[in-house]
Amino acid sequence: MAAPSTTPPARAPSQEQRPAPDDPSDAPDRVAWLQTHLARVHAPAKAEPRGPWSRRLADAGVGPIEPLLTELTRLHAALEQRRADVAAETTFHMQQATHVVPRAVAEVERASAATTRLRDEMHTAQRSYQDVCEPTAPDRAASAAALAQVHRLARAKQHMQVARDMLQAVDAWSLVRSDVSAFLADGQYTHAAARLRDVEASLAPFDAASAYVERQRRVHAELVHDLVNAVTPPLVRAVRDALVDEILAYADVLACVGQGPVFDTLYTATRSEAVQAAWHDAQPASVPEAVDVLGRALVRLVQQEATDFAPAVWGHSAHAALVLTATLANLRPTLAAYLQARQAPLPELVQAFTRLDTHAQTLQALLTPRGPPAPPPRRPTSLSAEWRPWLHDAFVPFQQTYRALETAFLTDAWRATEAAFESRLGRIWVTSLGQDAAAAWTLCVAGVARLLHEQVAQCAEMRDAAFERVAVFTGGAGAADVRAALASALYEPCVQRLCTTMDAVRARFQQHMRASAPPAARVLQGDDHMDAVHDWDLVRAGVQLLAVARAAHELAQAPVDHAWRWPAPALLDGAASVPSRSEAPDAPMERVTLAAHRLVLELILAAFRRHLEAYREHGAWRRTAPAPAAPSAADARVPVPSFSRSPTEGMVRLGEGLLNLPRLLESLVERELPQFAFQADLLPFAHEDEAGPRPVRREARALSAQLLTQTDDAASAASATDHVLSLWLRSLTRTLLAAVEGDVLPYMVQQTDYDRAQLAADVDYLSTMASALNASSAPLREWAEVLALSPAARAALPSTSALRLSAAYRAVAGMH
């Protein structure tokens with residue numbers, strides 16, 4: 001390639017030297033060209049044309065020739081100048097070509113020779129490569145030896161380089177302390193950290209057991225400690241003042257010398273100072289209030305961390321959980337230790353758990369990334385993001401012992417109501433029984449019924465509160481524990497209180513009836529009317545005790561799953577599963593029903609019991625004349641049977657009162673059917689011939705015109721009323737007969753002057769009245785049969801006779 005010429009190029013022609021664009025050589029007609037140019041020339045005056053060109057031009061309408069000649073002269077000079085310039089430029093280019101072409105030819109020849117040599121060398125290299133890749137057996141060994149030598153040389157070179165670097169590092173060790181101290185004095189922490197990092201890297205290749213290396217490592221550790229001490233105050237100040245850029249700079253300094261955990265500790269400790277101060281100030285308060293203060297402080301910390309610090313320090317706002325976890329871990333005392341030390345009652349623990357769960361939901365919302373998941377932290381850290389266990393695990397010991405805590409709390413809570421209950425019950429005794437005797441017991445029973453209703457309602461409130469506590473505190477996982485706690489600590493004491501109170505009312509009423517009874521003669525002669533069955537207002541008041549038993553039964557039978565309407569706690573994170581539903585046993589509540597039945601039966605049978613007591617003490621069944629002598633063997637007269645005696649007036653009045661009882665009781669049963677029908681199968685003697693209670697049967701009434709006009713619902717209700725009334729009449733009658741069989745008759749036959757025939761007539765009449773009420777009694781029938789027998793006939797009974805084995809036979813025969 002020719003070298004560039006250094007000769008300056010010829011000067012380009014000027015604008016005036018360039019030909020006009022309308023060159024005459026290009027025009028086909030010179031006359032037209034001349035006419036065009038001459039038309040531009042302005043002649044001052046017209047002259048007469050003298051030559052042929054002048055005349056031709058004049059004929060063409062052109063002016064004088066002189067201006068034309070002047071213009072032609074000028075154009076001719078311009079053409080000559082242009083020709084001279086072109087000739088000069090052509091000469092210049094020819095001279096350049098004369099010098100450049102020979103050099104270009106020489107360069108081409110040299111490039112051709114170089115290409116030939118390169119081609120030869122490439123052929124030679126290819127043959128050498130083939131010889132190396134496919135050597136013969138002797139050449140392979142030589143190549144291996146050559147490669148081994150090359151490897152040894154490379155290793156020697158590497159070792160020499162390492163030795164050189166190590167010698168340079170060792171030479172610089174003596175200056176480390178002074179360099180780092182100078183950097184620290186000037187506040188150049190980044191340079192100090194870089195110097196210490198280089199020193200640590202230079203110590204790595206040496207033997208750690210060497211005394212000199214160990215000494216240098218101690219120096220390095222001391223300098224790192226000095227660096228940390230120097231960085232700590234400004235780092236803490238930067239964190240307190242929220243200077244994010246300075247925080248990042250100090251974090252890089254500590255990370256450079258491998259002290260990233262130190263930065264984590266300093267940063268989290270400084271950021272948690274406000275939380276620790278709030279927690280320390282709140283501890284004298286109650287547990288819920290202290291936990292609430294802690295939760296608000298944590299929310300403020302996370303809000304500021306997620307907004308200002310975490311995106312810059314860790315790379316994402318969700319990494320504020322790292323600081324939250326460290327704050328909870330460094331809390332003194334920890335939440336678990338605080339709760340264990342306070343030993344707060346269960347409601348306070350549940351309230352504290354609820355408030356903390358509310359704050360946990362807020363924290364979770366602040367830490368949940370909006371959009372894609374949060375990336376890993378920007379810098380390596382020893383902190384954990386699992387903050388929820390620090391809050392939840394503090395309550396785990398109490399959740400594990402939930403049954404004991406709930407039992408203790410319910411026991412104390414129910415015991416705390418005892419004083420108020422006893423006080424109110426005492427006022428009822430004094431207030432009601434101190435009034436007119438006619439209405440005293442009605443007021444007393446009504447007041448006791450209201451009081452017991454309130455006790456059941458109070459127990460229901462405690463039960464609902466327990467269900468709410470277990471749902472909030474354990475997420476439903478402690479349902480079995482709360483059922484057990486309710487059964488032992490609440491239901492059983494409640495049943496005991498209800499039964500004891502009802503039995504006390506019944507016992508006092510019995511004492512009152514015995515103490516206020518008129519003389520037996522007045523009772524048997526009809527002064528105490530059996531038709532009215534004393535005071536039915538008292539019975540109506542007693543029916544409310546059946547409603548108390550029903551409410552107590554509903555209390556124990558409430559489904560336990562009604563508490564799961566509360567959402568799962570955020571602290572539990574939905575881990576707890578809802579247990580299967582199960583109903584609480586109602587056996588304890590049956591005792592309340594039985595106590596209520598006994599009391600209502602006593603209220604209805606009070607007049608009948610008074611009548612029996614009068615019959616027992618009056619002596620109408622005694623003989624008024626001496627007993628006839630036993631017939632002698634010489635007396636051969638045939639015995640003439642005597643007519644059976646009529647029942648005494650007192651027994652007749654008792655039987656009539658029993659027959660009037662269905663008419664008097666029916667209206668009350670119809671009006672208070674839900675109370676009378678509740679667990680009517682548990683009434684005493686309701687199903688004497690069966691092993692246990694049986695389902696209520698819907699038996700139809702006798703056919704009547706009224707029944708034919710009733711609807712199905714009315715007929716079903718009437719049938720249910722009849723069945724309930726039948727159960728109550730049977731229970732009332734059999735309860736009364738049990739008193740006759742177990743108390744009245746054994747007392748009578750123990751008297752030597754009782755009139756066997758009269759007593760047999762009375763018992764037979766009473767048994768007939770009981771059969772009419774569908775309450776026949778086999779033992780009472782046995783009494784009637786045994787009393788009807790003469791001593792000889794009684795003695796003549798075979799040993800296998802069922803009558804001889806009866807209790808009535810044993811009682812009568814034992815006295816003779």
Side-chain angles (χ1 to χ4, degrees), residues 183-184 187-194 196-197 200 221 223-280 294-335 359 362-364 366-369 374-391:
F183 288 144
L184 295 181
Q188 300 181 10
Y189 304 122
T190 304
H191 293 81
L196 290 174
R197 179 192 58 195
E200 184 180 15
L223 294 176
V224 169
H225 181 70
D226 294 341
L227 175 62
V228 172
N229 291 338
V231 169
T232 298
L235 173 59
V236 172
R237 186 168 52 255
V239 174
R240 290 174 179 171
D241 296 341
L243 304 177
V244 179
D245 294 338
E246 294 187 14
I247 294 174
L248 296 177
Y250 295 133
D252 294 338
V253 168
L254 294 177
C256 184
V257 293
Q259 299 299 314
V262 174
F263 169 77
D264 297 341
T265 303
L266 293 174
Y267 178 79
T268 56
T270 306
R271 293 289 298 124
S272 61
E273 287 176 349
V275 177
Q276 182 65 51
W279 175 238
H280 182 270
L294 175 62
R296 290 197 299 267
L298 292 175
V299 169
R300 288 194 298 269
L301 171 69
V302 172
Q303 284 177 339
Q304 186 179 13
E305 190 71 25
T307 304
D308 301 332
F309 291 91
V313 177
W314 310 108
H316 198 279
S317 60
H319 295 313
L322 302 174
V323 179
L324 176 60
T325 305
T327 301
L328 292 173
N330 297 328
L331 206 61
R332 292 296 177 271
T334 61
L335 181 60
H359 294 302
T362 305
L363 293 174
Q364 183 64 34
L366 292 174
L367 295 175
T368 301
R378 180 179 298 167
R379 61 182 71 254
T381 177
S382 58
L383 302 178
S384 172
E386 295 296 329
W387 58 272
R388 189 180 289 105
W390 285 98
L391 301 178

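Not measured: the values here are computed from a predicted model. In what follows, residues are counted from 1 in the order of the sequence shown.
Rounding to the nearest 0.5 Å gives a distance of 11.0 Å between CD of Q303 and CG of D308. Here CG of L266 is found 10.0 Å from CD of Q259. Values are rounded to the nearest 0.5 Å. Rounded to the nearest 0.5 angstrom, L367 CG and W387 CH2 are separated by 6.5 Å. Once rounded to the nearest 0.5 Å, the distance linking CG of L294 with CD of Q276 reads 9.5 Å. In this structure, OG1 in T270 is found 11.5 Å from CZ in R237, a value given to the nearest 0.5 Å. Atoms OG and OH, on S272 and Y267 in that order, are 11.0 Å from each other to the nearest 0.5 Å.
Across all their heavy atoms, A326 and L383 have their closest contact at CB-CD2, 3.9 Å. Annotation for L184 and L227: closest pair CD2-CD1, 3.5 Å, computed over non-hydrogen atoms. Minimum interatomic distance between S317 and A306 (heavy atoms only, all atoms of both residues): CB-O, 3.3 Å. Taking each heavy atom of A193 and C256 in turn, the nearest pair found is O-SG, 3.6 Å. Minimum heavy-atom separation, H319 to A310: C-CB, 4.3 Å.
Annotation: salt bridge (charged side-chain N to carboxylate O under 4.0 Å, His left out) contacts of E246 (sequence neighbours excluded): none.
Counting heavy atoms from C-beta outward, L328 and L298 have side chains that approach closer than 4.5 Å. Within the 4.5 Å cutoff, no side-chain heavy atoms of T232 are placed close to those of L235. At a threshold of 4.5 Å between non-hydrogen side-chain atoms, the residues T325 and W390 count as touching. With contacts defined as side-chain heavy-atom distances shorter than 4.5 Å, the pair T327/V323 qualifies.
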Worked verdict on T265 versus V262 for side chain to side chain contact (heavy atoms under 4.5 Å, CB included): CA-CA 5 Å; T265 303; V262 174; 5.7 Å; no

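In this structure, W279 contributes its side chain and T334 its backbone to no donor-acceptor pair below 3.5 Å.
Between F263 and W314, the two ring planes are tilted [angle within 30° to 60°].
When each of T307, V299, L301 is tested with L366 by the rule side chain to side chain contact (heavy atoms under 4.5 Å, CB included), just one qualifies, namely V299.
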